[in-house]
Amino acid sequence: MDHAEENEILAAAQRYYVERPIFSHPVLQERLHKKDKISDSIGDKLKQAFTCTPKKIRNIIYMFLPITKWLPAYRFKEYVLGDLVSGISTGVLQLPQGPFAVISLMIGGVAVRLVPDDMVIPGGVNATNGTEARDALRVKVAMSVTLLSGIIQFCLGVCRFGFVAIYLTEPLVRGFTTAAAVHVFTSMLKYLFGVKTKRYSGIFSVVYSTVAVLQNVKNLNVCSLGVGLMVFGLLLGGKEFNERFKEKLPAPIPLEFFAVVMGTGISAGFNLHESYNVDVVGTLPLGLLPPANPDTSLFHLVYVDAIAIAIVGFSVTISMAKTLANKHGYQVDGNQELIALGLCNSIGSLFQTFSISCSLSRSLVQEGTGGKTQAVLSAIVIVNLKGMFMQFSDLPFFWRTSKIELTIWLTTFVSSLFLGLDYGLITAVIIALLTVIYRTQSPSYKVLGQLPDTDVYIDIDAYEEVKEIPGIKIFQINAPIYYANSDLYSSALKRKTGVNPALIMGARRKAMKKYAKEVGNANMANATIVKVDAEVDGEDGTKPEEEENEIKYPPVVIKSTLPEELQRFMPPGDNVHTIILDFTQVNFIDSVGVKTLAGIVKEYGDVGIYVYLAGCSAQVVNDLSRNRFFENPALLELLFHSVHDAVLGSQVREALAEQEATAAPPQEDSEPNATPEA
C-alpha cells in the first residue's frame, strides 16, 4: 500500500461532530460580547505623528538610504565576485552606449521640437559653431526636462504615490516590458545594419523606424552587419555555456566585457570607421561635466513631457524590478523607487546628466552576469533582450488559464508598441481597471446543493452527488454587490433559480381566475389580493406605523394558503418556500446594492417566499446596517451565520408552521379561497 492510498483511507476514516444551536444573527450576537475599542483623540494622533522615535528615524533612513539596510547583511564571500564581474560588464557597456533608449527618444523628441535642426542659432559663425551652439541649447532642454521630471517623481514618492504599482499586474508588466523590448530592438536595427535613418518618437515610432530601416536596407554596411553577427554568435554561444556550467563556474564569464573590448580592438586595428565607414562611438569625455543651473524658464514648455517621462521612467523601472523580484523572490517598494529616481534626476540635472530610468538591456546584463563599436553594442543589446522576447511564450499560458489576463497582456503590448510607452502605459492601466469592473459586473453565479448528510454546499451543475434541498434554493455570487452589477444580480437570481416572483404572482392570478370560472364565482378572482392588501395596510386603510404613534412594521413574508384544488393550476416552481443568498464571497455591498437586496426581500416576501442571507462578513453586516437595511428589526431574523444554519433554520420554520396548521381548529366563517397568514 503506497503513501497516497494510506492518506485516502485515513481521510475517509476521519470524522468530526459538532453540536451547537442554529446560529441566526440574533442568536449568535447573544453569545458574543464586543471588545471595547478606545479610539485615540485627534491630539493623540497628532502627537504620535510628530513624535520622533528611533524606529521612525530608522525607517526614514532606510527609505532614503536603503544601502544602510542591506549593506550590514551583505554576504561578502558569496556575492563579491559576481557583483564585481557584473559591475565591470555593465559599466563597460554603459559608457559607450548611453541612457535607456525609450527615455532617450522621448527627451530627444522634446529637444528636437524646441531646438530643431534648421533653427538659426545666434552667434553661429560657421557650421561647426552653429552645431555646437544648437547642441548646447538641446542640453539645456534636456537638463530642464530631467530636473522637472525628477521633482515630479520625488514629490510623488513623498506623497506615497507608489501604490499605483499595484495596478501594474503581472500580465500588464510582462506585456509592457515586451513592448519596450521591441522598441529597443527596433532602435538598434539601424546600427546593426549600418544604415542612416531619421530618428522617430511618439505614436507609431516603431513602425516608422522599422520601415525606414527596411527602405534603406539596400544601403546596408556589410562590415557593420558582419561584426554585429559575429558578436551576436559569440554572445549566444557564451551565454549557453554560462547556463550549462553555471554550477561549476565561480562566476559567469563576462561576455559583454569581452565583446566590447574585442569590438574596440577590431575597430581600431582595422580602422573600420575610415576604411569601411562603420559607425563608432567616438571620443568619450573624461570625468564629470561642471555643475550648471538648469533653465527653469523652460518648465512651462516641457511640463507635459516631464510628466510623461516621469511616469514612463517609473513604470519601466518598477516593471523591471517586479520581473526580477518575481524571479529572485524579494519585494520592491514603489515609493522608494520614486524617491530614488527623483533624487537622481533632480541632483543629476545640476551636473548636466540625462534623465535616468531602468535600462532593460543593461539590467539584464547585470542580472545575467551574476549581479545580484555601435554594431557591437547593438548586438549586445539585442542578445540581452532575449529574455524579454521569451515572454511571448506567456500567450499560450494565458490562453489556457485566463482570457482576461491574455487580453491585458495583448492590449498592453499592442498599445505600448504602437502608441509609445507613455500613452501605451496609460491605455494599459485603463484597460486593466476596466477588466476589474467587468469581472465584478459579470461574476459567476451558482445555484448550490447539499452533499448528502454533510454541511457542505457545492455547485449543483458541477457534481452528480450534489442534490438540491426540496423547497430551498441556494444562490451564490463571487463578487461584491454594487451599483454596476446590482440589477444583473437580481436578474441572475431569478434566471438561475427559476423562481420569479412576478411570474408566480401572475400565475396565481391566472389560477384564481380559472378556478373561479370553474366554480362559477367571478368575485373570487381578486379575493386573495384584497385580503393581502388589507393585512398590509390595516383594516381601516391606515399604515401600521401610523397607528398610536407606535412604529409597526409590515410582515417580512406574506403567506397565502390556497385551496388544494387550486394547486393544480399553479406552475411547478411555486413550491419553493426559501431563497438563501450565499454571501460568503461578497466583500462589500454599497447603497444601491442594499436597495436592490431590500427589493428582493420584499418581492419574494410578497409571494410567500423567505429570503435568508448566509455567511455575511462583518463588513457586509456593517454596510447593511449603515444603509438602514435592518430598520425593520424582523430582517435580522433573516441573517444566518452559514448556509447550513440557514438551511436548518428554514426547515425548522416550515416544520413548526406545519404543526401549527394541523393543530389549529378550522374556522367556520373563513372563505374557501384564501386565508392570509402573517
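Along the sequence shown, residues are numbered consecutively beginning with 1.
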TODO: Give the C-alpha distance, both sets of side-chain angles, the deciding distance and a yes or no for side-chain contact (heavy atoms from CB on, under 4.5 Å) between Tyr457 and Asp582.
DONE: CA-CA 10 Å; Tyr457 295 85; Asp582 182 6; over 6 Å; no
Over 12 non-hydrogen atoms of neighbours within 6.0 angstrom of [atom1] in [X]:
{"X": "Phe392", "atom1": "CZ", "result": "yes"}
{"X": "Tyr74", "atom1": "OH", "result": "yes"}
{"X": "Arg626", "atom1": "CZ", "result": "yes"}
{"X": "Arg244", "atom1": "CZ", "result": "no"}
{"X": "Lys595", "atom1": "NZ", "result": "no"}
{"X": "Ile42", "atom1": "CD1", "result": "no"}
{"X": "Phe299", "atom1": "CZ", "result": "yes"}
{"X": "Lys403", "atom1": "NZ", "result": "yes"}

What is the ring orientation for [X] with [Y], classed by angle as parallel under 30°, tilted 30 to 60°, or perpendicular over 60°?
{"X": "Tyr489", "Y": "Tyr445", "value": "tilted"}
{"X": "Phe630", "Y": "His25", "value": "parallel"}
{"X": "Phe588", "Y": "Tyr482", "value": "tilted"}

Value rounded to 0.5 Å, distance of [atom1] in [X] from [atom2] in [Y]:
{"X": "His641", "Y": "Ile22", "atom1": "NE2", "atom2": "CD1", "answer": "13.0 Å"}
{"X": "Thr584", "Y": "Gln476", "atom1": "OG1", "atom2": "CD", "answer": "5.0 Å"}
{"X": "Arg174", "Y": "Ile408", "atom1": "CZ", "atom2": "CD1", "answer": "14.0 Å"}
{"X": "Gln153", "Y": "Ile311", "atom1": "CD", "atom2": "CD1", "answer": "9.5 Å"}
{"X": "Leu425", "Y": "Leu172", "atom1": "CG", "atom2": "CG", "answer": "6.5 Å"}
{"X": "Asn345", "Y": "Ser355", "atom1": "CG", "atom2": "OG", "answer": "4.0 Å"}

Would you name the heavy atoms of [X] and [Y] that are closest together and state the gap between them?
{"X": "Ala306", "Y": "Ser149", "result": "O-CB, 3.6 Å"}
{"X": "His183", "Y": "Leu417", "result": "NE2-O, 3.4 Å"}
{"X": "Ala111", "Y": "Val141", "result": "CA-CG1, 3.9 Å"}
{"X": "Gly162", "Y": "Asn335", "result": "N-OD1, 2.6 Å"}
{"X": "Gly334", "Y": "Ile318", "result": "CA-CD1, 4.0 Å"}
{"X": "Val145", "Y": "Val110", "result": "CG2-CG1, 4.0 Å"}

Side chains of [X] and [Y] in contact at under 4.5 Å (non-hydrogen atoms):
{"X": "Leu338", "Y": "Phe154", "answer": "no"}
{"X": "Pro21", "Y": "Arg31", "answer": "yes"}
{"X": "Leu419", "Y": "Ile426", "answer": "no"}
{"X": "Arg20", "Y": "Asp645", "answer": "yes"}
{"X": "Ile57", "Y": "Cys52", "answer": "yes"}
{"X": "Val182", "Y": "Phe389", "answer": "yes"}
{"X": "Pro294", "Y": "Leu350", "answer": "yes"}

Does [Y] offer a backbone N or O that forms a donor-acceptor pair with the side chain of [X] under 3.5 Å?
{"X": "Gln391", "Y": "Gly175", "answer": "no"}
{"X": "Ser416", "Y": "Phe413", "answer": "no"}
{"X": "Asp590", "Y": "Tyr483", "answer": "yes"}
{"X": "Ser402", "Y": "Phe398", "answer": "no"}
{"X": "Thr440", "Y": "Ile437", "answer": "yes"}

Open item on the list: Run Ile481 and Leu597 through side-chain contact (heavy atoms from CB on, under 4.5 Å) and show every step you take.
Closed with: CA-CA 9 Å; Ile481 302 174; Leu597 185 60; 6.0 Å; no
Open item on the list: Do Thr317 and Glu337 pair up side chain to side chain, a donor and an acceptor below 3.5 Å, judged on atom types alone?
Closed with: no
Open item on the list: Quick check on side chain to side chain contact (heavy atoms under 4.5 Å, CB included): which of Asp623, Leu613, Ile589, Leu639 does Phe629 satisfy it with?
Closed with: Leu613
- [ ] Tell me, with the steps shown, if Ile431 and Thr412 meet side-chain contact (heavy atoms from CB on, under 4.5 Å).
- [x] CA-CA 8 Å; Ile431 291 172; Thr412 302; over 6 Å; no
- [ ] Any chance you could lay out the side-chain contact (heavy atoms from CB on, under 4.5 Å) test for Leu114 and Val302, step after step, and finish with the verdict?
- [x] CA-CA 9 Å; Leu114 297 182; Val302 300; 3.6 Å; yes
TODO: For residues 294-304, pull every pair meeting side-chain hydrogen bond (donor to acceptor under 3.5 Å, both in side chains), keeping only residues two or more places apart or in separate chains.
DONE: Asp295-Ser297
